[in-house]
K.L.:
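Starting off with a structure, shown below.
The figures here come from the full heavy-atom set of this structure, side chains too, leaving out hydrogens, waters and symmetry mates. Atoms within a ligand are numbered from 1 in the order they appear, just like the ligands themselves. Throughout, numbering of the chain's residues begins at 1 and tracks the sequence.
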Amino acid sequence: MTTRLHRICLTSDLLDDQSREIFVEGLVIAVFRNEGKLFAMDGMCMHQGGPIARGKVESGCVTCPWHGWQYELNSGNNAATGKPMLNTYPIRDHEGWIEIEIPTQSCV
Ligand code: FES
């Protein structure tokens with residue numbers, strides 16, 4: 001799989017306990033900084049498309065603001081069942097920028 005690194009914002013634009021919704025490579029992605037660590041996952045809830053980036057983060061999980069489904073930040077799994085639900089993406093803080101690695105669409 002081919003991936004591409006994207007600078008999504010300045011480090012100072014995503015402080016601890018903050019989140020953002022970004023649009024990159026045709027995807028909606030929710031990014032979080034929680035307890036100093038960065039996380040990135042699909043930004044639309046698997047239930048009815050709620051905005052994950054606007055969810056409350058607690059104990060390593062984010063709660064969808066619409067009906068309360070919960071996802072683990074580090075895996076995107078459903079917090080109640082452990083079932084894989086949302087894709088997660090490599091994200092890092094590098095030289096003053098937050099960067100995310102996204103699979104690219106390839107033509108055959
Ligand atoms: S849309 Fe997220 S819980 Fe319903």
K.L.:
For the residue pair F39 and T88, establish whether any side-chain heavy-atom pair is separated by less than 4.5 Å.
P.N.:
no

K.L.:
May I ask you to test the L86-M46 pair for a side-chain heavy-atom distance under 4.5 Å?
P.N.:
yes

K.L.:
At a 4.0 Å threshold, what atoms of ligand 1 neighbour a non-hydrogen atom of G50?
P.N.:
1 (S)

K.L.:
Pull out every atom of ligand 1 sitting under 4.0 Å from any heavy atom of G68, numbered as shown with elements.
P.N.:
3 (S)

K.L.:
Side chains of C64 and H47: closer than 4.5 Å at any heavy-atom pair?
P.N.:
no

K.L.:
Counting heavy atoms not belonging to Q18, are there more than 12 under 6.0 Å from its CD?
P.N.:
yes

K.L.:
N/O/S atom of C45 under 2.8 Å from atom 4 (Fe) of ligand 1, yes or no?
P.N.:
no

K.L.:
With a cut-off of 4.0 Å, which atoms of ligand 1 are near a heavy atom of W66?
P.N.:
1 (S)

K.L.:
Could you tell me whether W69 approaches ligand 1 through its side chain, its backbone, both or neither, with non-hydrogen atoms closer than 4.0 Å?
P.N.:
both

K.L.:
Would one find an N, O or S atom of H47, in either backbone or side chain, under 2.8 Å from atom 2 (Fe) of ligand 1?
P.N.:
no

K.L.:
Answer yes or no: does atom CZ of R54 have more than 12 heavy-atom neighbours from other residues, nucleotides or ligands under 6.0 Å?
P.N.:
no

K.L.:
Among I8, D13, I98, I29, which residue meets the side chain to side chain contact (heavy atoms under 4.5 Å, CB included) test with R20?
P.N.:
D13

K.L.:
For ligand 1, which atoms sit closer than 4.0 Å to a heavy atom of C64?
P.N.:
1 (S), 2 (Fe), 3 (S)

K.L.:
By atom name, which N, O or S atom belonging to H67 lies closest to atom 4 (Fe) of ligand 1?
P.N.:
ND1

K.L.:
For ligand 1, which atoms sit closer than 4.0 Å to a heavy atom of Q48?
P.N.:
1 (S)

K.L.:
Do H6 and E101 meet the criterion of a side-chain donor-acceptor pair at a distance under 3.5 Å?
P.N.:
no

